[in-house]
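Report on the structure given below.
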Amino acid sequence: MTVTFADWITELANWVFLLIAIPTVVAAFFVVTAKNVVRAVLSLVITLAGTAALFLMLGAEFVGWTVVLVYIGAVVILFLMGIMITQSPLAKSTELSQPMSTRTPAILLSVVLFGVIAWAVIASFGAEAIPLPDEATRTASIGEAMFTNWVIPFEVVSFVLLAALIGGITLARRDPTEEDAT
Amino acid sequence: MVASLTPTLARMALFAEEGEHEIQAGDGGWPAEWAWLIVVVPLVITFLIVFFGKRSPLKGWGMATFGMAFVAVYGSVLAWVNLDEGIIYEGAIEIGQIGSFTLEWGWVVDGLSIMMYFLVGVVGFLVFVYANGYMKGDIRYTWFFASFSLFAGGMLVLVSAPNLIQLIVGWELVGVSSYLLIAHYWEDFDNVDAGNKAFMVNKVADTGLFIGAIIMALSAGSFEFSEIYESMVGGNSTLAQFGFWAGLALFIGAMGKSAQFPFHVWLPDAMAGPTPVSALMHAATMVTAGIYLVARLFPFYQLPEYGGDVNMIITIIGAITLFFMGLLALVQDDIKKVLAYSTVSQLGYMMAAMGVGAYTAGLFHLFTHAFFKSLLFLGAGSVIHAVHSNNMSDMGGLRKYLPATFWTFMIGTAALVGLFPFAGFWSKDEIIASAYYSASEDPTAAAWFMVVLSIAGAFITAFYMARAVSLTFLGKYQGHGEPHESPKIMTVPLIALAAFAAGTGLLNAPGLTHVFTDWVTVRAFPIMEHHFEAPSWGLIAIVTPVVLIALAIGFYLYRPKQTQAERDEFSIPVLYPLLEHKYYIDDFYMDGIVRPTMGPIADGTLWIDENVVDAVPNLTAGGAKHTADAVNTFDQRGVDGVFNMLSAATGAAGGFLRKAFTGRVSQYAAISFTGVVILALLFMIF
Amino acid sequence: MTIVQFVLLGAALFSIGLYGVLTRKNAILVLASVEVMLAAVNVNLVAFDVYLGDTSSAGQVMALFIIALAAAEVGIGIAIVLMIFRNNRTADVDDLDVMRY
C-alpha cells in the first residue's frame, strides 16, 4: 500500500530510521573525505554500526549482530593494523585523496549513479509500504535456510575463507630464505 | 642359277611337294623342346656372375665356363640328333600384341641354328678356358666373364630367333656386350674410343636393319620368318614390290655387324679389347651374325621377284671387302690387326658366297673360319702374353720359345690360306668353285668380279700370313729378355682348336662327304643351290699354285735375314701410303661425317632447338612470368595493402587506446563504474 | 516505512562508497570505501527480504555470505597492501602504475 508523506512523518519508526540513517550517511561521507586516516576508519565503524542498527530495526537480528561481530569487531581492527603497518601518516594529511581534477568526475559519477538508482527505485516502487514483521526473524529459520537451500554456497564460502586464510598467511609472511639471500 | 628361272618355275621348284627337294626331318623330340635352355642358361649365368661372381671361388670363371660347356654339350646333342634324323622345330611363347602383330619369344631348332649353337658352345668353351689364363690378375676379371656370358647369351638369342624382333634383340645384346668388352681396358681413352666406334658404326648400319625389318613385316604381314615364307609361297604382291628394299635394308644391317665395306672400320679398332674377346666375338661368332641373317633369309634372297636383285649388291660388296681389306693386312705391324683385316676379308668371302647362292659353301667357310681364326687369335694372344707387345717388330724367333703356340699357329695359318688337307682348303675352294659355277651359269659382271677377286684374295691371304708368321716366329727375337711359353690352360685350347681346324674340313669334302651340307640345309624351307658331286679339279689346279706362290714370295720377302731397309725397296710408292692410311676411309669418316656432326651440325641443331623449338614454351613461360608478376604486384600492393592498412589502423588505434591504461586503479574503477551507470541507464530507458 | 527509504539509503551509501574508491589515494582507505559499498548492499538485501516477507530468508542469508566474503576479501587485501608496501615503501595507489602500456 502506498504511503503518503503525512503518514510517513507521523510514524515513529520513521523518525527512528532517520535518527539512525543520517549519522550513517554522514559517517560514510567522512570515511571518504576525512583527511585523517584514523578518523576515516573510525567513521567506518559508525557507518557499520548504523547499518547494524537498521538491521535490528528490520528484525534481522542475526545479521545485525553478525555485522557488529565480524565487521566492527574484526574487519575494522584489521584496517587499523593495516594503517599501522603501512605507516600511513597518522596525522592530518592531504595526501589521502586525489586532487580536485580527479575528484570532480568522481563526484559527478557518484551523483549520477545515485540519481539513476533513486529514479529506478521510485519509479518501480513508489511509496509502497513495508509491513514490519511481528517478530524478529528467527535465527533457526536462517539456519534452516542456510543448511538446506544454501548449503552449497555455504561450503563454497568456507573454501573461500580457507583460501583467504592461507593466502593471507602466505602473502604476509617474511620468507626467511629470501631474506638470507638478499 | 635360280635367278635364270622364271618366277613361276622358281616357285614351283622351291616349294615342290614331292621329290628330292623335300626335306625329311623330325621334330627333335625333347632336346628340341628344351632347347630354350641353351639361350636361357648363359643369360642366367650372367646374372649370377654379376651378383655372386666376386664371392665365388673361381670369381665367375667357373660359372661362365660351365654355361659354355652346357651350350657346347647341348649343341652337340642337337647336332647328333640332326644328323640322325634332322630337326625342324620352332618353340615359341607368345608375349604380347602390337597392333595386328603378335610378339613371340621362341627358339628355332633347325640345321642352321644348331650349327650356330654348336659353334658358339664349342669355340666359346675353349676361349673361356683360355681366358682364365689370359685374364689372370685382371682387375675386372669377374665383370669380364659377366659381359662375355652376356655376349654368349645375346648371340644365342640372335641365332635362335624365329622372328625379326627377337633377332634384333639379340643383335643389340651382342652389340652392347661387344662395346663393353672392347672397352675393357677403359683406363686408356683409345680403348674407349674403339668401343664407341664399334657401337656407333654398328648403330648406323642398324638403321638399315630396323627399316628392313619394318618393311618386311609390313609387306609380309608378320615378323615371323615362317610366316614370311608362307606369304612368299602364297604369292605376296606387296612383298614383291618392296622386297628389294627390305632385302637391301636388312643387308645393310648385316654389313655393319659383319664388317663389310664400308662398315668395316670398327673391326680393326676393336682389337683394343682383350684377345679372347677378339677370338670369340670378332672372329667366330658376333661378326658372323650378318652372315647368319642373310643365311636365315636365304629363300627370300634367292627368289628374284622378292629379294633376288639384292644378290648382285651382296656379291659386289663381299668381293670388294675380301680383296681390298686383305690388302690392308699387308701393312700392319700389330699382329692382331693383321688377323682383324684377315677376318674382314674372310667375312667378305662368306658374304659373297651368299650373294652367288652358295649357301652351304658360305656357311661351311663360316664354320671352319671360326675354328682356325679363333685359333690364330688365341695364338696371337699367347705371343702377346709372352712378349708383352702387340707389334711384330718386337717379335721374331719365337719358334724356339713358344713351340706349342708356333705349331698350332702354323696349323691355323695353313687352314686359313687353304692348304690341303686343312679346313680352309675345302671351304674356301668351295666358295670359289660356287662363284665360278654361278658365273658360268649366269654370267653377270658381279659374278665374274667375284671369281677374279676371290682368287686374288687367296693370293693376298697367303702372302700376308706368310709375312706374319715370318716376322713373328722366324728369325731373331727383336725384344729383350726371354719370352716363355704360355701356361697349359692356354695351350690346351690352342691344341683343341688346331684339331678342329685340321679336321673339320673333312665334313664336307666335295664328292666324299656331305655331312655339313646335310646338317645345314635342314630347314623349314628347302634351299635351292648347286651341290658339287666331285671336286672341281680345274679350280684346284688354279688356286693351289696361286697360294703356294704367294707363300713362297711371302716367306722370301720377309725372310729373317732381310732387313727392313731392303724390304722398303719393294714398297710401291702410291699404293703403300694408301694402304697405310687404310684408303683414307677412316679419315673420311672422321672429317666428313663425325666432325661436322659434332661441330656445325650439332651447333645448328642446338640453335634450332633453343630458338625455334623452345620458342613456344619460352614465350608461354615468359607470358606466365609476366602474369605472375602482375598478380604478385596486385597481391602485394593491393591485397596486402588492404591488410597492411588494416593492421596499421589497428596498431594506431591500439597505440591511441592504450594510453587509457595508466596503471592507476582508481582510474580503472572510475571507468568501469561509468560503464555500469550507463548500462543501468540504458536498461531503464529501454 | 516504505521500501524506498531503505533503498535510497543504500543507494546513498553506495554512491558515497564509490566516490571514495575513485578518489582515495591510500590503499587502506580504498578498501574501507569498498566496505562502505558492501554495507550498502547488505542494507538493500535485508530491506528487500523483509519487504518481500520471504519465509526462507534468502536475503538475510545472502547478506551473511556477503559479510563473510567481505571479511575474507579485506584480509587478503590488507595482505596485498602489506606486500606492496614492503616492496615499494608506499601505500599510495597512484604510485602503483607498473601495469601500464
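Side-chain atoms are counted along with the backbone in the values below, which use heavy atoms only and exclude waters and symmetry mates. In what follows, chains carry the letters A, B, and so on, assigned in the order in which the sequence lines appear, proteins first and then strands, with residues in each chain numbered from 1.
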At what distance, to the nearest 0.5 angstrom, does [atom1] of [X] lie from [atom2] of [Y]?
X: A/I85; Y: C/R86; atom1: CD1; atom2: CZ; value: 8.0 Å
X: C/Q60; Y: A/F62; atom1: CD; atom2: CZ; value: 10.0 Å
X: A/I83; Y: C/I78; atom1: CD1; atom2: CD1; value: 8.0 Å
X: C/I28; Y: A/L78; atom1: CD1; atom2: CG; value: 8.5 Å
X: A/M146; Y: C/L64; atom1: CE; atom2: CG; value: 5.0 Å

What I'd like to find out is whether the side chain of [X] reaches to under 4.5 Å of the side chain of [Y], using heavy atoms alone.
X: A/Y71; Y: C/L38; value: yes
X: C/L13; Y: A/T47; value: yes
X: C/F14; Y: A/F114; value: no
X: C/Q5; Y: A/F17; value: yes
X: C/L18; Y: A/L113; value: yes
X: C/V43; Y: A/F55; value: yes
X: C/L9; Y: A/V25; value: yes

At a heavy-atom separation under 4.5 Å, does [X] approach chain A through its side chain, its backbone, both, or neither?
X: C/E73; result: neither
X: C/S15; result: both
X: C/V4; result: both
X: C/L29; result: side chain
X: C/A47; result: both
X: C/D49; result: neither
X: C/A27; result: neither
X: C/L69; result: side chain

Only pairs of heavy atoms separated by less than 4.5 Å count here; which of [options] has the most with chain A?
options: C/V74, C/V30, C/T55; value: C/V74
options: C/V7, C/V36, C/I67, C/L22; value: C/I67
options: C/I80, C/V21, C/I84, C/N42; value: C/N42
options: C/G17, C/A11, C/A63; value: C/A11
options: C/A40, C/G75, C/A58, C/G53; value: C/A58
options: C/G59, C/G10, C/S33, C/A12; value: C/A12

Handout entry: Under 3.5 Å side-chain donor-acceptor pair for C/T2 and A/E128
Key =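 Distance-only check fails for C/T2 and A/E128.
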Looking only at heavy atoms, which two atoms of [X] and [Y] are closest? And how far apart?
X: A/A164; Y: C/A72; value: CB-CB, 3.7 Å
X: A/G167; Y: C/I76; value: C-CD1, 4.0 Å
X: A/A34; Y: C/R24; value: O-NH2, 2.7 Å

Practice task
Tell me, for A/A74 versus chain C, whether the close heavy atoms (under 4.5 Å) come from the side chain, the backbone, both or neither.
Solution key: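 Neither part; nothing is under 4.5 Å.
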Problem - Interface moiety of A/L48 toward chain C, non-hydrogen atoms closer than 4.5 Å - result: side chain
Problem - Over 12 foreign heavy atoms within 6.0 Å of CD1, A/I152 - result: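 No - once you tally the heavy atoms of other residues, nucleotides and ligands closer than 6.0 Å, there are 12 at most.
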Looking at chain C, which one of [options] has the largest number of heavy-atom pairs inside 4.5 Å, strictly under?
options: A/I142, A/V160, A/I117; answer: A/I142
options: A/T137, A/T148, A/L165; answer: A/T137
options: A/N14, A/L18, A/L44; answer: A/N14
options: A/T33, A/T24, A/L109; answer: A/T33
options: A/V75, A/T51, A/L58, A/V76; answer: A/L58

Practice task
Measure the acute angle between the ring planes of C/F48 and A/F125, then classify it against the limits of 30° and 60° as parallel, tilted or perpendicular.
Solution key: tilted
Practice task
Show your reasoning for whether side chain to side chain contact (heavy atoms under 4.5 Å, CB included) applies to C/N26 and A/V37.
Solution key: CA-CA 9 Å; C/N26 192 330; A/V37 167; 4.0 Å; yes
Handout entry: Ring centres under 6.0 angstrom apart (A/F29, C/Y19)
Key = no
Exercise for the section: Going by the side-chain contact (heavy atoms from CB on, under 4.5 Å) test, name the single residue among A/V67, A/L54, A/V63 that passes it with C/V46. Expected result: A/V63
